[in-house]
Amino acid sequence: MLGHSRLVRPASVAAARVARLGSVRTKTTGSAGKVNESSTTAMEFKQQHPRQLRRLPRVEIAAEQAVSNILYNTPIAPKLQTERHILDCLAQDEPGVLSRVTGIMAARGFNIDSLVASKTEVPGLSRMTLVLKGPAIVMEQAKKQLEDLVPIWAVLDYGHTRIIERESLLVKVSIVAPAEGAESAGSSSPAPAGDVETLSGDEFVDSQGRLQALKQLSDLFQGQILDVAHNTAVVSLNAKCDRIDAFLKLVRPFGILEAVRSGIMAMPRSGNVTLFESEQAAPQATISHDDAPDLSNLPPS
């Protein structure tokens with residue numbers, strides 16, 4: 001009996017509190033001085049307004065509509081009429097060979113993007129690596145004309161070959177804040193060169209912070225800082241041409257004073273299996289107006 005009274009007591013106490021709260025609310029007045037008789041308790045409000053979960057709307061689309069959405073959101077490849085070619089010419093090490101090679105390319109209307117010529121480990125043999133753009137048909141004719149030259153031993157086309165390509169960069173960057181006149185003119189030229197005493201304490205601390213930021217950026221691209229002065233720093237980088245372009249864009253806010261690029265050096269990979277699959281360059285296909293897909297064959301929108 002004692003246990004039963006203990007179980008019933010909380011319910012009776014709750015009912016008494018609810019009745020007392022209702023009587024108190026009917027006797028209280030608001031800010032306007034009127035009695036509020038329409039107030040309800042929280043329990044009554046929950047009983048009168050049960051909570052219902054709303055179901056999410058179900059969207060059903062057909063397969064044709066899904067394919068059309070995918071095709072609409074996929075960027076269209078650019079229609080290129082020219083193709084990037086990498087030619088490697090093995091020639092005799094004698095004067096006038098480079099001018100004859102560039103003369104043939106200029107006569108065919110090719111724009112030479114990069115040209116690297118140097119000696120090899122074999123005495124009397126030089127190697128020229130050309131990167132140019134042009135139609136594939138005209139490129140074949142230019143290759144035949146290059147092979148007909150007496151000093152040329154062979155012409156190798158690396159356009160559709162798995163190769164390793166690298167380019168070297170030397171860039172001199174400012175590590176001091178631009179002068180007041182340069183800021184108003186929109187230029188990023190550094191302060192005039194001189195002794196270390198020309199920089200004040202705050203300017204020296206600021207230059208060290210800029211140098212630290214430049215070093216961290218160079219480490220991300222696996223570059224090296226070769227020379228440091230109180231207002232400039234020289235960075236060396238050896239990577240692909242697209243990584244060099246990205247690095248130059250990132251260091252441009254520092255203020256680029258000088259930049260020298262060596263040009264692309266290429267070499268074919270050894271065999272068909274390699275440990276560095278990510279480094280392999282996929283064959284570059286040419287997309288012309290004739291090879292454009294027919295829009296009539298696409299699924300309906």
Side-chain angles (χ1 to χ4, degrees), residues 77-93 97-98 100-102 104-106 108-149 151-171 218 220-224 235-249 259-288 291:
K79 297 181 179 180
L80 303 177
Q81 295 181 348
T82 59
E83 186 175 357
R84 180 172 176 262
H85 299 269
I86 300 179
L87 298 182
D88 206 350
C89 301
L90 303 177
Q92 297 180 2
D93 189 8
V97 179
L98 182 60
R100 298 174 67 178
V101 171
T102 56
I104 291 178
M105 293 300 166
R108 290 290 177 179
F110 287 100
N111 183 21
I112 300 178
D113 294 342
S114 174
L115 174 60
V116 178
S118 63
K119 296 181 179 181
T120 61
E121 75 283 359
V122 180
L125 180 64
S126 62
R127 194 165 187 164
M128 292 178 289
T129 305
L130 295 89
V131 180
L132 38 85
K133 296 179 181 180
I137 299 177
V138 184
M139 177 60 63
E140 293 295 332
Q141 298 176 358
K143 286 171 54 181
K144 293 179 180 179
Q145 289 188 359
L146 289 176
E147 292 174 349
D148 293 340
L149 294 177
I152 301 296
W153 290 96
V155 179
L156 307 176
D157 189 0
Y158 293 152
H160 300 278
T161 307
R162 296 179 181 271
I163 61 174
I164 303 172
E165 58 177 86
R166 288 294 183 271
E167 186 176 0
S168 298
L169 168 70
L170 287 176
V171 56
S218 302
L220 292 176
F221 285 83
Q222 298 180 355
Q224 295 180 352
V235 182
S236 173
L237 181 62
N238 185 22
K240 291 184 178 181
C241 58
D242 54 352
R243 288 181 61 86
I244 291 181
D245 294 337
F247 181 76
L248 288 176
K249 290 181 180 179
V260 181
R261 302 179 66 163
S262 65
I264 296 178
M265 299 172 287
M267 181 176 292
R269 290 190 172 272
S270 303
N272 296 327
V273 180
T274 177
L275 298 177
F276 303 96
E277 292 291 341
S278 60
E279 292 281 341
Q280 296 182 0
Q284 300 176 359
T286 304
I287 303 176
S288 60
D291 300 333

> Val235 and Phe247: which non-hydrogen atoms are nearest, and at how many Å?
CG1-CZ, 3.8 Å

> Who are the salt bridge (charged side-chain N to carboxylate O under 4.0 Å, His left out) partners of Arg243, not counting sequence neighbours?
none

> So do Gln145 and Gln141 actually touch side chain to side chain, heavy atoms under 4.5 Å?
no

> Mind running side-chain contact (heavy atoms from CB on, under 4.5 Å) on Leu248 and Arg261 for me, showing each step along the way?
CA-CA 11 Å; Leu248 288 176; Arg261 302 179 66 163; 4.1 Å; yes

> When you measure from the side chain of Ser126 to the backbone of Ala91, do you find a donor-acceptor pair of N or O atoms at a distance under 3.5 Å?
yes

> First locate atom CD1 of Ile152, then atom CD of Gln92, and finally report the distance between them rounded to the nearest 0.5 Å.
9.0 Å

> Heavy-atom distance under 4.5 Å between the side chains of Val116 and Glu167, does that happen here?
no

> If you round to the nearest 0.5 Å, how far is CG of Leu132 from CE of Met105?
5.5 Å

> For Ala266 and Asp88, which heavy atoms make the closest approach, and how far apart are they?
O-OD2, 4.2 Å

> Please say whether more than 12 non-hydrogen atoms of neighbouring residues, nucleotides or ligands are located less than 6.0 Å from CD1 in Ile137.
no

> Roughly how far, to the nearest 0.5 Å, is NZ of Lys240 from CG of Asp245?
13.0 Å

> Can you tell if the side chain of Arg127 reaches within under 4.5 Å of the side chain of Leu90, non-hydrogen atoms only?
yes

> So, Ser262 side chain and Ser168 main chain: donor-acceptor pair closer than 3.5 Å or not?
yes

> Can you tell me how far apart CD1 (Ile244) and NZ (Lys249) are? Round to the nearest 0.5 Å.
13.5 Å

> What are the two closest non-hydrogen atoms of Ser236 and Leu170, and how far apart are they?
CB-CD2, 3.8 Å

> About how many Å separate NZ of Lys144 and CD of Glu147, when rounded to the nearest 0.5 Å?
9.0 Å

> Which donor-acceptor pairs under 3.5 Å do the side chains of residues 117-124 make with protein atoms, sequence neighbours left out?
from   : atom 1 : to     : atom 2 : distance (Å)
Thr120 : OG1    : Val122 : N      : 3.4
Thr120 : OG1    : Val122 : O      : 3.4
Thr120 : OG1    : Leu125 : O      : 2.7

> Decide if atom CD of Gln224 counts as having more than 12 heavy atoms of other residues, nucleotides or ligands within a radius under 6.0 Å.
no

> Can you tell me how far the CZ atom of Arg166 sits from the CE atom of Met267, to the nearest 0.5 Å?
12.0 Å

> Quick check: closest heavy atoms across Ile163 and Arg269, and the distance to 0.1 Å?
O-NE, 3.9 Å

> Does the side chain of Phe110 come within less than 4.5 Å of Val138's, by heavy atoms?
yes

> Take Val101 and Leu115 through the side-chain contact (heavy atoms from CB on, under 4.5 Å) test and state the conclusion after the steps.
CA-CA 11 Å; Val101 171; Leu115 174 60; over 6 Å; no

> Under 4.5 Å between any side-chain heavy atoms of Glu165 and Thr129, yes or no?
no

> Could I get the full list of salt bridge (charged side-chain N to carboxylate O under 4.0 Å, His left out) partners for Asp113, not counting sequence neighbours?
none

> Report yes if some heavy atom in the side chain of Leu130 is under 4.5 Å from a heavy atom in the side chain of His85; otherwise report no.
no

> Run the side-chain contact (heavy atoms from CB on, under 4.5 Å) check on Asn238 and Gln222 step by step: do they pass?
CA-CA 8 Å; Asn238 185 22; Gln222 298 180 355; over 6 Å; no

> Where do Ile104 and Ala142 come nearest, in terms of heavy atoms and distance?
CG2-O, 4.4 Å

